[in-house]
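Okay, structure first, notes after.
In what follows, chains are A, B, ... by sequence order, proteins preceding strands, each numbered from 1. The structure displayed is predicted, hence computed values, not measured ones.
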There are 2 protein chains.
Amino acid sequence: MGATKTEHFTNRQNAIAALSKAMAHPARVAIIEYLLKVDSCICGDIVNELPLSQPTVSQHLKELKNAGLIKGEIEGNAICYCIDEKVFQKLQSYFSQIVIKSENKKKNCC
Amino acid sequence: MGATKTEHFTNRQNAIAALSKAMAHPARVAIIEYLLKVDSCICGDIVNELPLSQPTVSQHLKELKNAGLIKGEIEGNAICYCIDEKVFQKLQSYFSQIVIKSENKKKNCC
DNA sequence: TTTTTATATTGCAATATTACGATAAATATT
DNA sequence: AATATTTATCGTAATATTGCAATATAAAAA
C-alpha cells in the first residue's frame, strides 16, 4: 500500500487534489508570492530568495510547472518563470463554490 | 533530510501550505464534496461513499479536522461532521488575490 | 576554445503519507 | 449484562516527498 488510489476518484477531484498538492509546500507558496512581487519574472533570483539549495528550488519549480501553476521560457542561459493565471482561477472558483454552497445550507447541525 | 523546513517561511505561507495539503488528496476532496451534497451531515456514510477502508477514511477525516476544514460533533454513538466555511473563505480569498495581482501585471514576459 | 553562469538531473538519506488489518473505546440495542 | 454499531487508534508495509551534494548540460562571456 501507500500509493494514492486516484483511479477511484473523478478527474475533477484528482485535478483539484493535484493543484492543491502543488501549493502544499511553503517553499512553493513562497515561490508563487515572489513571482507575483517582482515586476519582471527573470527569475534565477528565486534561489537567492529562498533558504534552500539550488537543486531543491529547481525541483519545486518543476512541480509547480508540472501542475501548470507556472510556465518557464528559456531566455538566454537563464529561464524566465511566471505565473499562469488560468489555473489559479480554477482554484479560486472551486473554493468560491464551496463557500457559496456551504452558505446556502444553514444548517441542520454543528 | 526529508522534513519540510517550515521554520524558514512565514506563518502565512505555512498556513496556506497546510490548508492546501489538506486538500491535496482526492479522497479528502471527495469527502468535502460529499459533505456539501448531503443536506444533513450525519456522516458515517462517508465510509460507504468512498472506495477506502474505514480506518483510512477516519484518518483522512482527522487530517481535515486538524487543518480546520471540517468540524465534528458527537451525536449518540455516531459523529456529525461538517464543513467549516471560514477556512475555505481564506483559501478562496488567497487565490482570488493571486488572480487579481497577476492580472494587474500584464506583462513583461512569457 | 576555455571559463563562467544558470539551470537541470541523478543518487541517496531522512522523513512523511497512504492504506489497511487488527483491535480498542464508547454508546446503543437487545 | 451481552451484543451490535460506530468511530478511533495502533502497527506496519508500500510508496512519495523533501533536501542536498555531486554532476551534467547548455548558453554567455572571456
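Summarising the geometry, atom CD1 belonging to Ile46(A) is positioned 6.5 Å from atom CD1 belonging to Ile70(A); distances are rounded to the nearest 0.5 Å.
For the contact set between residues 11-19 of chain A and DNA chain D, defined by any heavy atom under 4.0 Å, there are no members. Shown for residues 21-33 of chain B: residues whose heavy atoms fall under 4.0 angstrom of DNA chain C, namely Lys21(B), His25(B), Arg28(B).
Side-chain N/O atoms of Gln54(A) and base N/O atoms of dA8(C) include a donor-acceptor pair closer than 3.5 Å.
Counting only distance, with no hydrogens or angles, the side chain of Arg28(B) and the backbone of Glu63(B) share no donor-acceptor pair below 3.5 Å.
One atom, CG of Leu64(B), and another, C1' of dA8(D), lie 16 Å apart when rounded to the nearest Å. If you take CG of Leu61(B) and P of dT6(D), they are 15 Å apart, rounded to a whole angstrom. At whole-Å resolution of the value, CD in Glu75(A) and P in dA6(C) are 14 Å apart. Atom CD of Gln59(B) is separated from atom P of dG21(C) by 13 Å (rounded to the nearest Å). Atom CG of Asn48(A) is separated from atom C1' of dT5(C) by 12 Å (rounded to the nearest Å). Rounded to an integer number of Å, the gap from Asn66(A) CG to dT17(D) P is 11 Å. Between Asn77(B) atom CG and dT6(D) atom P there is a gap of 7 Å when expressed in whole angstrom units.
For dA8(C), one of the phosphate oxygens OP1 or OP2 lies less than 4.0 angstrom from a side-chain nitrogen or oxygen of Tyr81(A). Residue Lys62(A) has no polar side-chain atom (N or O) positioned under 4.0 Å from OP1 or OP2 of dT7(C). Close to dG19(D), at under 4.0 Å from its OP1 or OP2, lies a side-chain N or O of His60(A). Residue Thr56(B) places no side-chain N or O under 4.0 Å from the OP1 or OP2 atom of dA19(C).
Evaluation of the side chain to side chain contact (heavy atoms under 4.5 Å, CB included) rule for Ser58(B) yields Gln54(B) as partners, not counting sequence neighbours.
The nucleotide whose nearest atom lies closest to any side-chain atom of Thr4(A) is, among dA19(C), dT9(D), dA8(C), dA19(C). Comparing atom distances between the Glu63(B) side chain and each of dA27(D), dT6(D), dT18(C) picks out dT18(C) as nearest. The listed nucleotides are dT15(D), dA28(D), dC20(C); the one nearest the side chain of Pro55(B) is dC20(C).
Under the 30°/60° scheme for interplanar angles, the aromatic rings of His25(B) and His60(B) are found to be tilted.
Partner of Glu33(B) under the side chain to side chain donor-acceptor pair (under 3.5 Å) criterion, chosen from Gln13(A), Arg12(A), Lys101(A): Gln13(A).
Counting non-hydrogen atoms under 4.0 angstrom, Ile74(A) reaches nothing in the nucleic acid.
Checked by atom type, the side-chain pair Ser93(B)/Ser96(B) shows no donor-acceptor distance below 3.5 Å.
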